[in-house]
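Bear in mind that the values here come from a model prediction, so they are computed numbers and not experimental data.
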Amino acid sequence: MQTIYAMHQSKSDNLEKEEKFLFYSVENIQDLYLIMLSSLIEIKKTEEVFLDKSSKKHLVTPEERNPNKKFINNQVIELLSESNSLSIALENRKINNWELADEYIQILLQEIKKSDFYEKYMTNRLNNFEEDKQFVLDIFTEIIVPNEKLYEYLEDNKLTWIDDIPLVNTEIIKQLKAIKENSEIKIPKLYKDADDKDFVKDLFRKTVLNEGAFAKEYMDKTPNWDTERIAELDTIILKMAICEFLKFPSIPVKVTMNEYLELAKEYSTPKSSIFINGILDNLVKEFQANDKLNKIGRGLM
């Protein structure tokens, strides 16, 4: 949707160039995921260095000589640190953000140390896996996710990440909750399979190449609207939905309806979802009456 919108704004007709940018944007979602997840490892490393330096000071206190290492011995962060899958992904994608912007790790670490849950966690020196997991979830959800300075850094780094941050954070929280003791942490694939990646390309190309024809489908369904007054994002959403109705037999009608109504709620005007729902509902009835919805499989209508 955003790639098609960008094409309209720039008046570009270079399909291959825009498709390349589309896939580049999708691949950057994984980079964001790796950056956010690896922040936990970097925070632990930073604290480890701090404790080591403190223990070697000339005038060292008993606490500095024998520090509470519960945080740096956190079993969940240790699993992340030892994950071959994560290490390989970080290396392959050349993720070194925290080497270049370590001040953000320092900011996050200080926020963690000021938190009530950190104080409670550090009341003893014993590591319990479930407690360690809850502590990591608290760090991520209470400190990392809402940190405005980190958000600004990510926004400045890549503009396309702004819409990806909630998706990535949700995936990481889901993954952290599912971690089991002594389990191996694996990085999820960006695409489920080859068909998944092909869908991205096909939906983009089929929508762009048939925009005129798809626009004609809803023109007479907007009697109270001047077509030039319809929000441009709404027209793109309508065309993409119509494309799925007519060009993707395996996608259920209800799935298409739900997905594009959610897009309208998230990105377009307050009344867009109601407007789009009415148009799509009428179109589905018309397509069914004219036998244009050739859906394959049970329950797809």
Side-chain angles (χ1 to χ4, degrees), residues 24-55 57 64 67-83 85-122 132-177 179 185 187-188 190:
Y24 171 77
S25 301
V26 173
E27 286 165 8
N28 277 329
I29 296 174
Q30 189 166 55
D31 289 353
L32 176 61
Y33 165 86
L34 292 169
I35 288 167
M36 295 297 285
L37 190 61
S38 66
S39 67
L40 291 163
I41 300 172
E42 295 305 318
I43 290 168
K44 177 244 188 185
K45 285 181 181 177
T46 302
E47 177 65 358
E48 207 165 14
V49 170
F50 171 75
L51 292 179
D52 183 59
K53 286 182 178 178
S54 297
S55 69
K57 291 194 307 186
E64 289 170 333
N68 184 348
K69 295 184 178 181
K70 186 173 183 177
F71 181 11
I72 64 172
N73 289 334
N74 183 285
Q75 295 172 75
V76 173
I77 300 179
E78 196 62 31
L79 286 175
L80 291 172
S81 302
E82 294 174 351
S83 168
S85 178
L86 178 54
S87 297
I88 291 168
L90 290 167
E91 180 68 27
N92 287 345
R93 297 298 299 173
K94 296 180 172 55
I95 304 297
N96 62 349
N97 295 63
W98 303 132
E99 293 176 22
L100 304 173
D102 61 340
E103 66 269 24
Y104 294 97
I105 296 299
Q106 292 285 357
I107 290 169
L108 294 172
L109 179 57
Q110 294 311 310
E111 288 297 316
I112 291 167
K113 288 184 170 184
K114 289 190 295 184
S115 68
D116 292 338
F117 63 81
Y118 174 83
E119 184 178 349
K120 181 180 177 182
Y121 177 73
M122 299 295 284
D132 285 357
K133 181 160 74 170
Q134 185 57 54
F135 179 66
V136 171
L137 279 164
D138 288 339
I139 288 175
F140 196 78
T141 58
E142 302 295 329
I143 304 296
I144 296 175
V145 169
N147 189 276
E148 290 186 9
K149 286 187 171 61
L150 177 61
Y151 184 89
E152 289 170 3
Y153 165 71
L154 295 171
E155 184 179 16
D156 291 342
N157 201 293
K158 281 190 175 67
L159 190 59
T160 57
W161 279 348
I162 300 306
D163 293 311
D164 301 330
I165 290 172
L167 170 70
V168 166
N169 288 340
T170 300
E171 177 61 31
I172 291 174
I173 291 167
K174 179 182 174 183
Q175 190 174 15
L176 290 173
K177 286 180 177 178
I179 290 177
I185 294 175
I187 304 307
L190 188 58

### Query
In Å, rounded to the nearest 0.5 Å, how long is the span from CG of Leu37 to CG of Leu32?
11.0 Å
### Task
Show the numbers, then the answer: is there a side-chain contact (heavy atoms from CB on, under 4.5 Å) between Ile162 and Tyr151?
CA-CA 8 Å; Ile162 300 306; Tyr151 184 89; 3.3 Å; yes
### Query
Would you call Ser115 and Glu142 a side-chain contact if the rule is heavy atoms closer than 4.5 Å?
no
#### Entry: Heavy-atom check, side chain of Ser87 versus side chain of Leu90, under 4.5 Å
no
### Message
Quick one, Leu40 and Ile144 - any side-chain contact, counting heavy atoms below 4.5 Å?
### Response
yes
### Query
Can you find a pair of side-chain heavy atoms, one from Phe117 and one from Ile139, that are under 4.5 Å apart?
yes
### Message
Do Lys158 and Tyr24 have side chains that approach each other closer than 4.5 Å (heavy atoms only, starting at C-beta)?
### Response
yes
### Query
Which heavy atom of Leu80 sits nearest a heavy atom of Leu86, and at what distance?
O-CD2, 3.5 Å
### Query
Looking only at heavy atoms, what is the nearest atom pair of Ile35 and Trp98, with distance?
O-NE1, 3.0 Å
### Glu42 vs Asp102, side-chain contact (heavy atoms from CB on, under 4.5 Å): CA-CA, chis, key distance, verdict
CA-CA 9 Å; Glu42 295 305 318; Asp102 61 340; over 6 Å; no
### Task
Ignoring hydrogens and angles, state whether a donor on the side chain of Tyr153 or Asn97 is under 3.5 Å from an acceptor on the partner side chain.
yes
#### Entry: Atom pair CD/CD of Gln75 and Glu78 - distance to nearest 0.5 Å
9.0 Å
#### Entry: Side-chain donor-acceptor pair present, Asp138, Gln134, cut-off under 3.5 Å
yes
### Message
List the residues meeting ring-ring contact (aromatic ring centres under 6.0 Å, His included) with Tyr121, not counting sequence neighbours, and say none if there are none.
### Response
Phe135
### Task
Considering non-hydrogen atoms only, spot the tightest contact between Asn28 and Trp161 and give its length.
O-NE1, 2.8 Å
### Shortest non-hydrogen separation from Ile185 to Ser85 and the atoms involved
O-CB, 3.6 Å
### Query
So, do Met36 and Leu154 sit near enough that their side-chain heavy atoms are less than 4.5 Å apart?
yes
### Task
Enter the distance from Lys133:NZ to Asn74:CG here, rounded to the nearest 0.5 Å.
11.5 Å
#### Entry: Side chain Ser83, main chain Leu79, donor-acceptor under 3.5 Å
no
### Task
Give a yes or no on this: more than 12 heavy atoms of other residues, nucleotides or ligands lie within 6.0 Å of atom CZ of Phe50.
no
### Message
For the CD atom of Glu48 and the CD1 atom of Ile77, what is their distance to the nearest 0.5 Å?
### Response
10.5 Å
### Message
Strictly by salt bridge (Lys or Arg N to Asp or Glu O under 4.0 Å), give each pair with a member in residues 89-99 just once, sequence neighbours left out.
### Response
Asp31-Arg93
### Message
I'd like to know whether Lys53 forms a side-chain contact (heavy atoms from CB on, under 4.5 Å) with Val49, so could you lay out the CA-CA distance, the side-chain angles of the two residues, the decisive distance to 0.1 Å, and finally the verdict.
### Response
CA-CA 6 Å; Lys53 286 182 178 178; Val49 170; 3.8 Å; yes
### Message
Rounded to the nearest 0.5 Å, what separates atom CD1 in Ile72 from atom CD1 in Ile43?
### Response
14.0 Å
### Query
Would you say Leu159 has more than 12 foreign heavy atoms packed within less than 6.0 Å of its CG?
no
### Query
Shortest non-hydrogen contact from Ser25 to Thr160?
OG-CG2, 3.9 Å
### Task
Flag yes if more than 12 heavy atoms outside Asp116 fall under 6.0 Å of its CG atom; otherwise flag no.
no
### Query
Side-chain contact, heavy-atom cut-off 4.5 Å: Ile187 with Tyr33?
yes
### Query
Do NZ/NE/NH1/NH2 and the carboxylate oxygens of Glu152 and Lys149 come within less than 4.0 Å?
no
### Smallest separation among heavy atoms of Val136 and Val76, with atom names
CG2-CB, 3.9 Å
### Message
How long is the straight-line distance from OG1 of Thr46 back to CG of Leu51, given to the nearest 0.5 Å?
### Response
11.0 Å
### Message
With heavy-atom distances below 4.5 Å as the criterion, would you say the side chains of Gln30 and Leu34 are in contact?
### Response
yes
### Query
Going by an N to O cut-off under 4.0 Å, is there a salt bridge joining Lys113 and Glu47?
yes
### Task
Check for a donor-acceptor pair, side chain of Lys44 on one end and backbone N or O of Phe71 on the other, with a separation under 3.5 Å.
no
